[in-house]
Each structure stands twice: as C-alpha cells, then as structure tokens.
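In this chain, residues are counted from 1 in sequence order.
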Amino acid sequence: MSEIVLNCGYVPLVDCAPLVIAKDLGFAAEEGLALNLVAQPSWSALRDMLALGHLDAAHMLSPMPVAMSIGLGGLPARIDTLMVLSVNGTVFGVSNAVAAELGDLPFGDAQRLLTALAARRSGPLRIGVPFHYSMHRLLLNYWISSAKGLDVEEITVPPPRMADAVADGFVDAFWVGEPWGSVAVQQNVGQLMMTGNDVWQFSPEKVLAVRHDWAETNEDAARRLMRAIFRASAWLDALKNRTLAVEILARSEHLSMSPDLIDPALSGQITPRPNHAPEQVERFVQFHKHAASFPWRSQAAWIAQQLGADAAGIHKAKACFRSDLYRQNLSGIGADLPGASEKVEGALQTDTAVASSEGHVILAQDAFFNGKTFEFPG
C-alpha cells in the first residue's frame, strides 16, 4: 500500500485528540497515511486554509462546514463533514466579578444560571465565544433565547486567548472548549458555571471536514483517513488509555501545556473555581461511544436552522454531513453503523438501543435543557 501524505489543520484543543492519537500511535501509518498535523492560530485561519486548498482536511467546529456550504461566512465553499470528532467538551464561565454578583449557584443548573444572569443590572453581559459559526455560539443563543431582560454582547476570542480576555476585562463571561476554561480557573480570573452538556446533552462539537471536491476525487485517501480516525477515537474512549492520552496531548508539538490542565476534560473532573472539589460531569467529552462519531444529518439540520437557513439551506446542510461516506468507508472494520441517518434531536431522555448493523448501538441521552425536540421534515 503506497503512502499518502495528508495535511490536516487543527486548533490546539483537547478535542483535536483523535487526530493526534491517529498520528502518534500509528493508526494513520497502518492505513498508509503520513498525517501532517498543522496547528492554526484561529478558526478563521483554519477555514481559509481549507477552503483555499492549503489543507486536505481539518478539525473544525461543527457549524463551520454547514455555514460555508450554505454561503455564510468569509469564504463560502462546499465543505463536507466526513465524521464527528468529538461530542460536548465545552464550558461556560464568568469572571470573578460576575460570579460575585450571582452568588452561590449550583454548578450545571442551566435554568437557574440563566435566571440569575437575567436579574443582573450591570449593563450588557459581554460573552467571549471562539468563533461566530461555532456550537458555543449556537448553544449560547439557544440557551438565552427564553431569557427576558438579558442583554448579551458576543465577542469573538480565539480559545488560547480566552483567559487573558477575562483577566483584561475584555469579556465578562465565556463559552470555550477545554482546556481553556480550566486555564481561566487555574489563573484565578474566572469561574466555571456549567458545561455545554447542560444545554444539549449530546451535541456535535468538532468534525473532520474536507472540501467536497476533495472527497469526490480522493476516495481512497478519505477512506484511509476516516478509518484511522475511527480507530483512534475508539482508543480514546477506553478508560485504560486516558493517562497515556493526556501525556501525548501535553507534548510540546501538540497542546504544549501541563497534563493537569488536560486531564479534566478526559476524566470529566471539572473544577469550577480554585480550591473547590472537582465536579464529575458524565460524558463531558465523547469521541466514540454511543455513535459519537456518526454524522447525523438531523444535527446538521438543527445547526442550519439555528443559523437562520431556509428550507433549501437546511437541505444543503444535511447533504454536507456525509453519513453515506461514513457507512461506505467504515463498514468491515467493526464499526456498528446506525440504521438511520436522522433522528429526532433532543428526544432521548435515557440511553436507548437503536437498530444498527451489528445490533449493539446504544444512543446516549440527548435532551435539550428546555425539554424541546427538533425534527426537520423531509
């Protein structure tokens, strides 16, 4: 099998782990890939590099391929999501000053937190989010849409700069992927109030994205890449591998930071503020279990609706989540493939067995904080 060289962009976050593990533990090499990981300073830089053909694939925020494919953002392009890289993995926090205003609130109560924030009388709440077309912003907008009197100003801040933005008073609150929320706590500039799970229990956070024309003309490379990432994701979700995963991610060529800042995301042990016992968050970040890597077209439809797309745009969005390629490229390597490509989002109040190719898929709870569900007809 001849070796194929692929350039894959990423932003240094814990949820780039499937790419890092695929490269460092040889899953990519076993598929005949030389996987060149290229760190990017921001999501806009990553978007442009992929759209202009300087990258073959990218670790992307899940709304980015949808936004680009329906013509939103700086560089519209037809972008495909081959698979989901991670589910959940984000935190919402506030500055110490705002935390003092809110008083003693329980960690993870989205509704009580929303009520408390709406009751503030200190002017607009400036909230840092990593990118306009991010799950962070969509969850934020979905969460605050029912709050009366809550004035919010969204400010784009690259993840590695989020703690500094809080410390400098540039933002009052933040929604960011780990480890950057834990960095704010470690630096004693902010406190974590909840996780993304508390708004949507099973939301697609990062995806493996490629240009549509690349996927069409590089079928073999796409197949090899997806298989390597699938195996790396399964390895990551095995509890016995967590310590090694943290050590690999901490290396200078990847996240280049203390393992103590990386472990909370993989263990689900989230420390909300200094000198506070960790809060155990079940499924804080998921890479493989519960069909986490499957690109559900209903999730693409939800994203498109939140972005304000019309029915035609939602259909385009669904087409860019390539559940067809997922089935085609991962059959035969032990992947248990869901029988459907769409579901009613938010409907699962308990873990639920569903029809699948091997008969063992159990989907995790995926409820929204307000009890609503989403289904796009057609």
Between the side chains of R211 and D56, is the shortest nitrogen-to-carboxylate-oxygen separation below 4.0 Å, so that they form an ion pair? no

Evaluate the criterion side-chain contact (heavy atoms from CB on, under 4.5 Å) for residue pair F27 and I21; output intermediate values, then yes/no. CA-CA 8 Å; F27 295 119; I21 295 303; 3.8 Å; yes

Atom of L363, atom of A291 and distance for their closest heavy-atom approach: CD2-CB, 3.9 Å

Nearest heavy-atom approach of S69 to P65 is OG-O, 2.8 Å

Distance check, rounded to the nearest 0.5 Å: L249 atom CG versus H254 atom NE2? 7.5 Å

Using side-chain heavy atoms (C-beta onward) and a distance below 4.5 Å, is I248 in contact with L25? yes

Quick one, F369 and Y142 - any side-chain contact, counting heavy atoms below 4.5 Å? yes

Test item: S256 side-chain N/O and E253 main-chain N/O as donor-acceptor pair under 3.5 Å: no

Quick one: pull up CG in N197 and CD in E205 and give me the separation to the nearest 0.5 Å. 10.5 Å

For residues 181-192, tabulate all N or O donor-acceptor pairs below 3.5 Å that involve a side-chain atom, not counting sequence neighbours.
from	atom 1	to	atom 2	distance (Å)
S182	OG	E178	OE1	2.4

hydrophobic_cluster_shared for V344 and W200, side chain cutoff 4.5 Å: no

Counting distance only, does the side-chain N/O of S62 pair as donor-acceptor with the main-chain N or O of P204 below 3.5 Å? yes

Report the distance from atom CG of D310 to atom CD1 of I314, rounding to the nearest 0.5 Å. 7.5 Å

For V98 and L117, what are the C-alpha separation, side-chain angles and deciding distance, and is it a side-chain contact (heavy atoms from CB on, under 4.5 Å)? CA-CA 9 Å; V98 172; L117 288 171; 4.3 Å; yes

N/O donor-acceptor pair under 3.5 Å between H136 side chain and F131 backbone: no

Please tell me if the side chains of K206 and V84 come closer than 4.5 Å, counting only heavy atoms from C-beta onward. no

Which pair of non-hydrogen atoms, one from A317 and one from A304, has the smallest distance, and what is that distance? CB-CB, 3.6 Å

For atom CZ of R120, is the number of surrounding heavy atoms from other residues, nucleotides or ligands below 6.0 Å larger than 12? yes

If you draw a 6.0 Å radius around CZ in F374, do more than 12 non-hydrogen atoms from other residues or ligands fall strictly inside? yes

Is E30 paired with R227 through a side-chain N to carboxylate O contact shorter than 4.0 Å? no

So, does N88 use its side chain to make a donor-acceptor pair with the main chain of Q201 at under 3.5 Å? yes

Flag the pair V199 / W175 as yes when at least one side-chain heavy-atom distance between them is below 4.5 Å, and no otherwise. yes

Lys/Arg N to Asp/Glu carboxylate O, E216 vs R322, below 4.0 Å: yes

From the options D237, D351, D366, select the one residue that forms a salt bridge (Lys or Arg N to Asp or Glu O under 4.0 Å) with R283. D351

Is a side-chain donor or acceptor of S357 paired with a backbone partner of L337 at a separation under 3.5 angstrom? yes

Show the numbers, then the answer: is there a side chain to side chain donor-acceptor pair (under 3.5 Å) between Q280 and Q269? CA-CA 5 Å; Q280 179 63 51; Q269 292 275 320; 2.2 Å; yes

Of R297, Q328, K318, the residue whose pairing with S323 passes side chain to side chain donor-acceptor pair (under 3.5 Å): R297

Can you check whether N241 reaches L236 side chain to side chain, under 4.5 Å on heavy atoms? no

Determine whether a donor-acceptor pair (N or O, by modelled atom type, separation under 3.5 Å) exists between the side chain of R327 and the backbone of P338. yes

Which donor-acceptor pairs under 3.5 Å do the side chains of residues 146-155 make with protein atoms, sequence neighbours left out?
none

Check the pair D336, S356 against side chain to side chain donor-acceptor pair (under 3.5 Å), reporting the backbone distance first and the verdict last. CA-CA 6 Å; D336 197 358; S356 65; 2.9 Å; yes

Sequence neighbours excluded, the answer for ring pair (Phe, Tyr, Trp, His ring centres under 6.0 Å) partners of F107 is none

Where do S203 and V87 land on the side-chain contact (heavy atoms from CB on, under 4.5 Å) test, with the steps shown first? CA-CA 6 Å; S203 63; V87 166; 5.6 Å; no

Ring pair (Phe, Tyr, Trp, His ring centres under 6.0 Å) with H288: which residues, sequence neighbours excluded? F230

How would you list, by chain and number, every residue that makes a ring pair (Phe, Tyr, Trp, His ring centres under 6.0 Å) with F294, sequence neighbours excluded? W296, Y326

For the residue pair A77 and A51, what are the closest heavy atoms and their distance? CB-CB, 4.3 Å

Spell out, as yes or no, whether a donor-acceptor pair under 3.5 Å connects the side chain of N218 to the backbone of A221. no

Exam field: side chain S298 to backbone K343, donor-acceptor pair closer than 3.5 Å: yes

Would you list the atom pairs, donor with acceptor, under 3.5 Å between side chains in residues 32-42 and any protein atom, with sequence neighbours excluded?
from	atom 1	to	atom 2	distance (Å)
N36	ND2	N7	OD1	2.7
S42	OG	S44	OG	3.2
S42	OG	A45	N	3.2

Show the numbers, then the answer: is there a side-chain contact (heavy atoms from CB on, under 4.5 Å) between T195 and T90? CA-CA 6 Å; T195 71; T90 65; 5.9 Å; no

Examine distances only and state if a side-chain atom of R126 and a backbone atom of G169 form a donor-acceptor pair shorter than 3.5 Å. yes

Heavy-atom pair of closest approach, residues L85 and L208: CG-N, 3.6 Å

Please walk me through it: do D48 and H54 pass side chain to side chain donor-acceptor pair (under 3.5 Å)? CA-CA 8 Å; D48 296 351; H54 301 304; over 6 Å; no

Report yes or no: does H360 contribute a side-chain atom to a donor-acceptor pair with the main-chain N or O of E358 at less than 3.5 Å? yes

Output for pair (E342 CD, F321 CZ), nearest 0.5 Å, gives 12.0 Å

Output for pair (I333 CD1, E31 CD), nearest 0.5 Å, gives 7.0 Å

Using side chain to side chain donor-acceptor pair (under 3.5 Å), reason through Q286 and S86 one step at a time and then give a plain yes or no. CA-CA 6 Å; Q286 199 88 64; S86 64; over 6 Å; no

Determine whether the aromatic ring centres of residues W143 and F92 are separated by less than 6.0 angstrom. yes

With side chains defined as the heavy atoms from C-beta onward, is the minimum distance between M60 and Y10 less than 4.5 Å? no

Give, for atom CG of L50 and atom CE of M68, the distance between the pair rounded to the nearest 0.5 Å. 6.0 Å

State, yes or no, whether a side-chain contact exists between S267 and R242 at a heavy-atom distance under 4.5 Å. yes

Please indicate whether L239 has more than 12 foreign heavy atoms, meaning atoms of other residues, nucleotides or ligands, lying under 6.0 Å from its CG. no

Side-chain touch V210/I79, heavy atoms, less than 4.5 angstrom: no

Please name the pair of heavy atoms, one in F284 and one in G268, separated by the smallest distance, quoted to 0.1 Å. CB-CA, 4.0 Å

